[in-house]
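Being a predicted model, the structure only gives us computed values, none of them experimental.
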Amino acid sequence: MKPNDSDLAPVTISECIRSNLDKFFDDLEGECAKSVYDMVLSAVERPMLEVVMEKANMNQTIASQMLGINRNTLRKKLQQHGLI
């Protein structure tokens with residue numbers, strides 16, 4: 001039987017990241033991890049920007065306010081991720 005959405009405990013973003021990092025390190029099977037910080041930031045930043053831009057109806061001023069960052073910083077990050 002498939003559980004209902006109401007049966008599932010809420011999962012936080014932090015819990016998702018922790019779970020995925022645990023799996024990442026398990027998958028390394030003892031190999032040395034490199035550039036984990038940049039990997040995680042990149043993996044989180046792009047979908048965050050995509051969702052916020054969607055919720056802001058592609059308005060960079062509104063999106064920058066939602067994110068709490070300068071509009072020029074947002075524009076730079078959007079360019080880095082190929083989103084504009």
| request: Output the distance between atom CD1 (I69) and atom CZ (R75), rounded to the nearest 0.5 Å. | output: 13.0 Å
| task | Give a yes or no answer on whether the side chain of S35 reaches the backbone of D38 with a donor-acceptor pair at less than 3.5 Å. | result | no
| query | With distance as the sole test, does E45 use its side chain to make a donor-acceptor pair with the main-chain N or O of S42 at under 3.5 Å? | reply | no
| message | So L21 and V36, do their side chains get closer than 4.5 Å, heavy atoms only? | response | yes
| request: Decide yes or no on side chain to side chain contact (heavy atoms under 4.5 Å, CB included) for M53 and L83, but give the supporting numbers first. | output: CA-CA 10 Å; M53 286 299 293; L83 297 174; 6.0 Å; no
| said: Please determine whether residues V51 and V44 belong to a single hydrophobic cluster, defined as Ile, Leu, Val, Met, Phe, Trp and Tyr linked transitively by side-chain heavy-atom distances below 4.5 Å. | reply: no
| request: Flag yes if F25 and L41 sit in one hydrophobic cluster, no otherwise; membership is Ile, Leu, Val, Met, Phe, Trp, Tyr, and two members link when side-chain heavy atoms are under 4.5 Å apart. | output: no
| query | How close do A56 and A63 get, heavy atom to heavy atom, and via which atoms? | reply | CB-N, 3.7 Å
| query | Would you say the side-chain atoms of S64 pair up with the backbone N or O of Q60, donor to acceptor, closer than 3.5 Å? | reply | yes
| said: Minimum heavy-atom separation for N59 and T61, please, with both atom names. | reply: OD1-N, 2.9 Å
| field | Lys/Arg N to Asp/Glu carboxylate O, R18 vs D22, below 4.0 Å | value | no
| field | Over 12 foreign heavy atoms within 6.0 Å of CD, Q79 | value | yes
| said: Would a single hydrophobic cluster contain both I13 and F24, if residues Ile, Leu, Val, Met, Phe, Trp and Tyr are joined by side-chain heavy-atom contacts under 4.5 Å? | reply: yes
| said: If hydrophobic clusters are built from ILVMFWY residues whose side chains come within less than 4.5 Å, do L67 and M58 share one? | reply: yes
| query | Can you find a pair of side-chain heavy atoms, one from R46 and one from L49, that are under 4.5 Å apart? | reply | no
| query | Quick one: are V52 and I62 in side-chain contact, heavy atoms under 4.5 Å? | reply | no
| said: Just to verify, which of K76, R71, K77 counts as forming a side chain to side chain contact (heavy atoms under 4.5 Å, CB included) with T73? | reply: K77
| message | Can you tell me how far apart CG (L78) and CD1 (I84) are? Round to the nearest 0.5 Å. | response | 5.0 Å
